[in-house]
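The figures that follow rest on heavy atoms only: side chains count, while hydrogens, waters and symmetry mates do not.
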Amino acid sequence: MTGDLLGAVTAPPARVRVQLPLPLPEPYDYKVPGDMALVPGSYVEVPLGPRRLFGVVWGDGDAQGGVEERRLRPVLRHIDLPPMPDVGRRFIEWVAAYTMAPVGAVLRMAVSVSAALEDPRALTAYMRAGDDLPDGLRLTPARRRILDLLSDGPPRLAADLAAEAGCGPAVVRGLAEAGVLATVPMLALPRFPRPDPDANPKPLSGAQRLAADDLAGKAAAGGYSATLLDGVTGSGKTEVYFEAVAAALRAGRQALVLLPEIALSAQWLDRFADRFGVRPAEWHSDMAPPLRRHTWRAVARGEARVIVGARSALFLPYPDLGLIVVDEEHEAAFKQEDGVIYHARDMAVARAHLGRIPIVLASATPSLETLVNAETGRYARIDLPSRHGGASMPDVTLIDLRRKEQAPPARQWLSPVLREALSQTMLAGEQGMLFLNRRGYAPLTLCRGCGHRLQCPNCTAWLVEHRLSRRLQCHHCGYQARSPDACPQCEAEGSFVACGPGVERVAEEVATLFPDARVALMTSDTLAGPRAMREVIEQVKAGAIDLLIGTQVMAKGHHFPLLTLVGVVDADLGLSGGDLRAAERTFQLLHQVAGRAGREERPGRVLLQTHMPEHPVMQSLAAHDRDSFLAIESEQRRQLEMPPFGRLAAIIVSGEDEQAVDAAAAALGRRAPREREDLTILGPAPAPLAVLRGRFRRRLLLKGPKGVALQPILHDWLSVVDVPASVRVQVDIDPYSFL
DNA sequence: AGCACGCCGACT
DNA sequence: GTCGGCGTGCTC
């Protein structure tokens, strides 16, 4: 104002580049109101067309090359939060460049709840509206469970109720709409008390102490380092990296622990609380939006000091991250397969590098990638021996299903040897476990009359019969249907035959073999919530269960002291399919499952049913020789120049119009950079799931030597091919799943 | 990612 | 004659 009166030259209105959480090709410029003090990283609200959006100031506006002044619209609001630190923005840009995603698409993950920046709002909790139920209320089983949960206890969040009852949050809202439940604002949002690094330190073995001191020293000193913490289950990896977390806390910095499946880690949270006095901040995708927002802000403000979460926790706006731990670093769950396709473990290493902080990769069965990095010296390595001396692994026996006397009877799946072992185990008052990584009753249902196979209408996949829920399910898209009475093709009634086993079918066989055994089924279908999981675990520990039957959710680290026998119903499952990492993954999974048998004083044994006992995976498991398996696997990859000895990228072309997809894939194939001798191009070929969720899919694969960055090659390649908007082209750098 | 604009089929 | 399908393009 005074400037005008004095005739002074008024500075042109300041202009900033704002990155919006949208897949735009570049940030947009906005005009800064005179009284607004913005810095790079400031969170702002800006207009975009008719909408108001949150964004992040990415730098100064571009007065020369950018849009003309008169088109600029003003920043509406400066959000009252500490700005996103420089390293956070550089990380987002790095991930965008690496994964070939727009920066805005990566930013979208970082402000992952769309309303992350909105002012805090109370959570909505639900409680019983009264004791009586209205007439005509349909009391479905899910509704019944919700009401039971609320019959005793305080009002609860819809997401928590849904998780415990094993249904969707819509059921809770439906009950509220029906007037059965009332909503109340829940004022007690979790506060994030500071974990105390000295609350309850655990006694450590000599080897643990050395490892812990090493990692704690790195965390205290800061600076980039990557360390593989390699130790079998029961070697005390968690206690060791807890000391690194403690050191980061003492240094006044935040720590992040990435776990593959936060939902299954109630035990982990208990151990953390025991060590540090309070629970850490949790971050995962099925948190209620208000809780996500609350947690996000607590991280941004630096109030949350230790965050444990699934892969998306990597993108939280840490103002002062001082340590990253990736536990179970070999887990495929770290690979995000939709939207921005990335591997959280690899991105975490990049984040540590950018932030100049240490990262710890922990595993009992490290990935080949990580092992090779440790061997070449890129990563430091700490080997943690078992606390129980050398013999931590149980006795592993292979059952050769090709031999007549070892094969199970027709339409049954447990061999005589395994049956006998189960029987002995239970007679001895010990517990057994049967592992089959296949949900449902049977993976394939066909008509005896005409041979028709029940297939998903949206995917190239058979429908899996689930007898417990009396439904057919597609495990790829979630399609469900009631089992038909008659064959849809030949209309014969009652002509269906179940082919192959799922865990439900194994449970049926067990019920006829051991009618008196107390059996628990552990699959993602039966363990819908953390409560269900905890209940089964308690029952097993209390000895109220004789036999556990389940899929990989059962394989995760639970300590069952009475469990001495593990039977793997089909050890070969997962080896077929031509997946690059099939053998590696099968080894990791079976190793983990085998580790469930025999803890503490009781020796355990493992029986693996297989059709290929000579396979390196089986041989290594039987001989307790991880290194020989890795050597064979590593040599094969080296010869094929496959990762980690070469680089791989997949191009996935998909769309609802098969011809358009084929045409686009063919066009990409024609323009492939075939002139370069160091590159190999495969495809286009139908993706293994040629139709997924109603979309046709074709794949191309680009392989190059280790030293060559594939992104610029892909960029040039894709830029010369015109693809109609109805066809989507995705790039998957370092593909894991070949689906 | 939204949302509008814009050209071709089945209805009040 | 309109209502509405979603293909293409824009948003600082």
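At a threshold of 4.0 Å, the pair D732(A)-K335(A) counts as salt-bridged, since one of the basic side-chain nitrogens sits closer than that to a carboxylate oxygen. Looking at R698(A) and E658(A), a side-chain N of the basic residue comes within less than 4.0 Å of a carboxylate O on the acidic one, giving a salt bridge. Look at R17(A) and D62(A) and you find no salt bridge, because none of the NZ, NE, NH1 or NH2 atoms lies under 4.0 Å from a carboxylate O. In summary, E369(A) and R581(A) engage in a salt bridge, as defined by a charged side-chain N under 4.0 Å from a carboxylate O.
Figure legend: cation-pi geometry between R292(A) and W283(A), with NZ or CZ positioned under 6.0 Å from the six-membered ring centre and within 45° of its axis.
The CG atom of L314(A) sits 8.5 Å away from atom CE of M347(A), with the distance rounded to the nearest 0.5 Å.
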Would you list the atom pairs, donor with acceptor, under 3.5 Å between side chains in residues 315-326 of chain A and any protein atom, with sequence neighbours excluded?
residue	atom	partner	partner atom	Å
Y318(A)	OH	A313(A)	O	2.5
D320(A)	OD1	R253(A)	NE	3.1
D320(A)	OD1	R253(A)	NH2	3.1

Output a table of nitrogen or oxygen pairs between the protein and nucleotides 1-8 of chain B separated by less than 3.5 Å.
residue	atom	partner	partner atom	Å
dA1(B)	N3	R51(A)	NH2	3.1
dG2(B)	OP1	R51(A)	NH1	3.0
dG2(B)	O4'	R51(A)	NH1	3.2

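Where DNA chain C meets chain A (any atom under 4.0 Å from a heavy atom), the bounding nucleotides read 5' to 3' are dT8(C) to dC12(C).
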